[in-house]
Amino acid sequence: EKGEYRHFMQKEIHEQVRSLTDTLAGRVDFDKGLIQLPQLKLTAETARKINKIIITACGTAQHAGLVGKIYIEKIARIPVEVDIASEFRYRDPIIQPGTVVLSISQSGETADTLAAMEEGRQKGAILWSIVNAIGSQAMRVADGYISMQVGPEIGVASTKAFTAPLVDLYMLAVLLADLRGTLPVEQRKKLVNDLRMIPDLAGKCLEHEPEVMSIARDMKDARDALYLGRGINMPIAYEGALKLKEISYIHAEGYPAGEMKHGPIALIDKDMPVIALAPNDPWYEKMASQIEQAKARGGKVIAVATEGDKNVEHLADSCLWVPSIPWMLSPVLTVIPLQMLAYHIASIRGLDVDQPRNLAKSVTVE
Ligand code: F6R
């Protein structure tokens with residue numbers, strides 16, 4: 001049931017306060033600063049043996065994996081590769097003892113993701129999955145799993161099943177580091193405590209919906225759009241662009257901002273909206289200078305920025321605001337205005353938001 005909302009996608013965007021609350025419930029012990037993921041069946045012995053993690057997924061789920069790479073490498077110091085499942089399965093990938101293949105899938109039935117898991121199984125990998133659909137194949141074949149606590153997702157464009165695995169991957173990184181004995185207690189407590197505010201802050205992002213709608217009205221006739229991000233918010237540029245193209249049919253590209261001068265900057269003119277992710281993270285200064293460069297070439301810049309950031313407010317043409325948060329968790333927030341932006345543009349264009357052309361919710365064929 002859509003209730004007060006026009007589309008399931010809008011409802012599911014708004015459900016993120018609840019889904020993020022449920023994602024933490026029972027897994028995080030804030031008093032002790034500990035994470036529990038019992039369905040992963042991870043022992044300290046196995047955790048210490050892991051020497052590489054290969055994350056494999058498709059589409060939006062793969063973007064979550066790109067953020068997860070930064071979490072696991074930064075917190076647990078285990079090398080991570082992120083691979084598109086349809087590439088991984090045909091490449092004869094190198095899997096050695098101690099390699100984990102971790103797949104991420106909302107439906108748990110995506111053909112390429114399942115085939116990537118099978119490839120991992122054949123080559124002797126430890127198989128994990130992060131899955132939403134209970135009892136799905138990706139859950140059943142794994143040695144251990146994390147179940148997304150988001151409930152059914154009906155809209156074809158994935159929203160709440162993107163933010164939940166971000167938090168799952170963060171919790172996984174903390175658990176791995178803890179079991180391997182490499183995480184100082186104080187640091188662990190800080191990382192765990194930072195999760196506490198996530199649901200409320202997601203709610204604060206949603207309060208900005210009226211401003212997002214006004215930017216959506218400005219952008220509704222664009223032919224193309226460029227999404228730029230760096231570091232932990234680079235995958236959010238990919239994700240924002242994917243959301244826009246799949247439901248509004250506006251051509252959009254996500255790009256690592258540092259790559260602009262190697263080609264794509266040639267595209268910038270007054271008709272090309274540039275959406276720049278510039279929250280308070282370690283790549284902030286670089287993004288601010290990227291905004292200046294796009295402006296200098298006549299581009300129209302919409303920045304995703306931290307509430308109260310006068311500097312970016314001054315540099316950009318308009319801002320999509322997110323509340324302040326420790327940088328590692330910023331992608332959970334920065335994606336929310338981009339979900340709303342894509343939703344409202346498609347909705348203003350009168351499109352079938354929940355059922356975009358040519359797309360299926362569960363891609364069970366190659
Ligand atoms: C985009 C979207 C798709 C899916 C992809 C994988 O909004 O939903 O890109 O993320 O088809 O699906 P799952 O997660 O079911 O394996």
Side-chain angles (χ1 to χ4, degrees), residues 7-13 15-16 19 55-68 82-89 101-120 127-142 145-166 168-169 227 235-250 252-254 331 335-336 338-343 345-347 351-366:
H7 297 99
F8 280 108
M9 183 182 177
Q10 191 184 26
K11 174 172 178 258
E12 288 160 3
I13 290 171
E15 274 172 1
Q16 289 176 109
S19 60
I55 300 180
T56 168
C58 305
T60 285
Q62 194 256 351
H63 299 156
L66 291 169
V67 176
V82 185
D83 223 321
I84 291 173
S86 56
E87 292 295 322
F88 177 80
R89 63 180 290 196
V101 169
L102 165 59
S103 67
I104 305 172
S105 178
Q106 187 286 127
S107 64
E109 301 292 350
T110 299
D112 283 318
T113 306
L114 293 176
M117 293 182 81
E118 179 56 30
E119 179 75 19
L127 274 195
W128 292 345
S129 60
I130 300 179
V131 191
N132 191 34
I134 315 275
S136 60
Q137 182 82 349
M139 198 175 264
R140 290 198 309 268
V141 301
Y145 63 88
I146 303 173
S147 70
M148 297 182 203
Q149 300 294 308
V150 309
E153 192 182 59
I154 312 286
V156 162
S158 191
T159 53
K160 61 179 181 171
F162 176 74
T163 46
L166 296 182
D168 291 332
L169 287 158
Y227 286 69
I236 305 306
Y238 292 166
E239 177 59 8
L242 177 61
K243 288 290 93 96
L244 187 69
K245 64 187 133 187
E246 71 178 324
I247 60 169
S248 78
Y249 315 144
I250 294 173
E253 276 192 70
V335 75
I336 294 175
L338 301 185
Q339 295 169 342
M340 293 195 288
L341 183 66
Y343 170 75
I345 291 174
S347 163
L351 297 168
D352 187 352
V353 173
D354 287 331
Q355 204 48 259
R357 67 187 182 202
N358 311 338
L359 288 172
K361 184 67 186 160
S362 184
V363 185
T364 53
V365 291
E366 251 192 73

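For ligands, and for the atoms within them, numbers begin at 1 and follow the listed sequence. Residue numbers count from 1 along this sequence.
Within ligand 1, counting atoms from 1 as listed, the ones closer than 4.0 Å to a heavy atom of A61 are 10 (O), 14 (O). Listed by atom number, the atoms of ligand 1 under 4.0 Å from K243 heavy atoms are 1 (C), 7 (O). Atoms of ligand 1 found under 4.0 Å from any heavy atom of A157 (numbered from 1 in listed order, with element): 7 (O). Numbered from 1 in the order shown, with element, the atoms of ligand 1 that lie under 4.0 Å from a heavy atom of G59 read 9 (O).
Residue contacts with ligand 1, taken as heavy atom pairs separated by less than 4.0 Å, involve V156 solely via the backbone atoms N, CA, C and O. Of all the heavy atoms of E109, none lies under 4.0 Å from any atom of ligand 1, so neither backbone nor side chain is involved.
The protein non-hydrogen atom at the shortest distance from atom 6 (C) of ligand 1 is C58 O, 3.4 Å. Distance from atom 12 (O) of ligand 1 to its nearest protein heavy atom, with residue and atom name: T110 OG1, 3.6 Å. From the protein, the heavy atom lying nearest to atom 7 (O) of ligand 1 is E246 OE2, 2.4 Å. Counting only heavy atoms of the protein, atom 11 (O) of ligand 1 lies nearest to V363 CG2, 4.1 Å. Atom 3 (C) of ligand 1 has T60 N, 4.1 Å as its closest protein atom, hydrogens excluded (heavy atom only). In this structure, the protein non-hydrogen atom closest to atom 14 (O) of ligand 1 is Q106 N, 2.6 Å.
Proximity of K245 to E253: side-chain heavy atoms (C-beta onward) are nowhere separated by under 4.5 Å. T56 places a side-chain heavy atom less than 4.5 Å from the side chain of V101. Between E239 and L338, every side-chain heavy-atom pair lies at or beyond the 4.5 Å cut-off. Annotation: side chain of L169 is in contact with side chain of I104 (closest heavy-atom distance under 4.5 Å).
For K361, the heavy-atom gap to ligand 1 stays at 4.0 angstrom or more. In this structure, S362 has no heavy atom closer than 4.0 Å to ligand 1.
Atom CZ of F162 is separated from atom NZ of K243 by 7.5 Å, given to the nearest 0.5 angstrom.
A side-chain contact (heavy atoms from CB on, under 4.5 Å) with M139 holds for exactly one of I146, I130, V131; it is V131.
Between the side chains of E366 and S86, no donor-acceptor pair is found at a separation under 3.5 Å. For the residue pair Q149 and S147, a side-chain donor N or O sits within less than 3.5 Å of a side-chain acceptor on the partner. A side-chain N or O of T163 and one of Q16 form a donor-acceptor pair less than 3.5 Å apart.
Among P356, A133, S107, the residue whose heavy atom lies nearest to atom 15 (O) of ligand 1 is S107.
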Ring pair (Phe, Tyr, Trp, His ring centres under 6.0 Å) between H7 and Y343, intermediate numbers included: CA-CA 9 Å; H7 297 99; Y343 170 75; 5.5 Å; yes
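Note: no N/O pair closer than 3.5 Å links T113 and ligand 1 by distance alone.
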